[in-house]
2 protein chains.
Amino acid sequence: MATRTSQAKQTGTPAAAQPKAHDFARPYTTVDVVIFTVLDDGLKVLLVQRPLNQGEPCPGKWALPGGFVDVELDSDLMACARRKLLEKTAVRSPYLEQLGSWGSATRDPRGWSATHAYFALIPAADLALAKGANAADVDWFQVDHLLQRPRLAFDHSEILQAAVERLRNKVEYTSLPAFLLAEPFTLPQLQKTYEIVLGRAVDKSGFRTRMLAADFLEEIGFVESPSNRPPMGYRLKDRSGPVIFPRTFSPRGGS
Amino acid sequence: MATRTSQAKQTGTPAAAQPKAHDFARPYTTVDVVIFTVLDDGLKVLLVQRPLNQGEPCPGKWALPGGFVDVELDSDLMACARRKLLEKTAVRSPYLEQLGSWGSATRDPRGWSATHAYFALIPAADLALAKGANAADVDWFQVDHLLQRPRLAFDHSEILQAAVERLRNKVEYTSLPAFLLAEPFTLPQLQKTYEIVLGRAVDKSGFRTRMLAADFLEEIGFVESPSNRPPMGYRLKDRSGPVIFPRTFSPRGGS
DNA sequence: GAAATAGTGTCTATGAGACACTATGCT
DNA sequence: AGCATAGTGTCTCATAGACACTATTTC
């Protein structure tokens, strides 16, 4: 029992004269980040083109930004994700949430590997500054196109799909889209963001009632807009996470 | 940017004459499983006592069942979780869902490690058979007690807490508790299970309407009960996963 | 004043919660 | 008959969706 090959960690039986289990072959440990933004009226995701070098897997294919956990640099998984994000976007404090993990013997040709996937939301406006940091092999892609024909490296298409599902789901009952906007933002802007992510229109009146009832916005004064009546600007009362609404958005609650 | 120590995997820059990044130090990769059941009118979780051997971390403490991924045995993470579950409970086809991952330099004294946590639901009835497989250092613990004073090995108290939160959350809007019952079960039994997991009573009429409207149950004929009017027995139409209800349970939906 | 956008009022159908009721079997 | 459990009917009130309305600015 409890030994060797498999476990040893949480086994009841004394392990006797076995080599320590944790000296056995270890899978690779990586972190990948699905970075979303709303740009040009569309939901976009950041991808990185894989190098063409010999020995690199999936050469030339587009992939999620990510890579190996660095046991020297990264104190934990989240820190590693934040580092990857910072390297690619120069954004420091995005919304960042763990998505799940994917691990198998075959997902990376180099051997058994497990990746810890995160997803991030960043305002497109924050990127202007970061342009310098963006290399030529980094670009934003329309999410819808990527879902229609999945061609990403490794199992990244699958991970992307899971991220979009999670995002779309949560948007139905949380204030997540607010993290896709730079402050101050207006309610019409926020509504537009919801509509872009959800892929459908939502009623203005209901939307406003809902947002204000959730009590997560703070008025910041009127904001100048390209034309017409000046809208109220808002910021988040608490940037540490989204608010959860009591009910869902969908038109007919139907099962 | 984008080089060395850290990545190399998804970096734009040709890695030139660097040692391959994946030859660097690798974290340990483990899987832990939070196994729930409902037993004696309480929500229980399965724990394993850690061995007392020298060199083993957290000797004598109770921990979630789990251990190192075995790159020979385990084709993927889920398979690893299923294996751990089978080893401890002899249950083959439980409800099994990924919970998240926890990884840091310090969570295991042996070094940088990342665990992939899963949670499982099994009917207590299925365990009778498994008793043989259960070693002396395995036992069921009342979840509420463990949450009140967290004393588990490693960061397992944190993982358990996350699992309970996820479970309680999902129970509000899914048919998950059905996976805690052996078939056939009755609606009163199912209701009881909901109440135990949620920690509060739910209205009978509303409960039944809801369950039947969700159309995930199949009548299996009347079932003998200890007394009185015989209830209808049901089984799941689809054991592959829970149904999601359109709305939540909570009394006042209020925000 | 017209146009365009921001923001509010109001009506209604739905459906969940609450609770009273009926049904069926056991002793 | 009486009790205990299984199962149903019904009333009400909150609210989400729909949509019509008002408000404030620019030209």
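In what follows, every chain begins at residue 1, and chains take the letters A, B, ... in the order their sequences are listed. Values below: all heavy atoms of this structure, side chains included; hydrogens, waters and symmetry mates excluded.
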Scan A:F216, A:F36, A:F119, A:Y95 and name whichever one has a ring pair (Phe, Tyr, Trp, His ring centres under 6.0 Å) with A:F179. A:Y95
Is a salt bridge present between B:R200 and B:E172, judged by a nitrogen-to-oxygen distance below 4.0 Å? yes
Expressed in angstrom and rounded to an integer, what is the separation of B:E172 atom CD from C:dA16 atom C1'? 14 Å
Atom pair distance, as rounded to whole Å: CD in A:E224 and P in D:dT25: 14 Å
How many Å lie between CZ on A:R229 and P on D:dT26, as a whole number? 12 Å
If I take atom CD in residue A:Q191 and atom C1' in nucleotide C:dT8, what distance separates them, rounded to the nearest angstrom? 14 Å
Rounded off to whole Å, could you give me the NZ-to-P distance for the B:K204 and D:dT10 pair? 16 Å
Between B:L212 (CG) and D:dA6 (P), how many Å, whole number? 15 Å
From the list C:dG25, C:dA18, D:dC19, which nucleotide is the closest neighbour of the side chain of A:S205? D:dC19
When A:R149, A:K44, A:R168 are each screened for salt bridge (Lys or Arg N to Asp or Glu O under 4.0 Å) with A:D144, the one that passes is A:R168
Whole Å only: how far is the CG atom of A:L187 from the C1' atom of D:dA23? 16 Å
Closest to the A:N228 side chain: C:dA6, C:dC19, D:dT25? D:dT25
Gap between atoms CZ and C1', on A:R208 and C:dT5 respectively (whole Å): 11 Å
Is the number of heavy atoms from other residues, nucleotides or ligands under 6.0 Å of B:K192 NZ greater than 12? no
Assign each of A:P231 and A:D203 to its nearest nucleotide of DNA chain C by heavy atoms, then name whichever residue's nucleotide is nearer the 5' end. A:P231
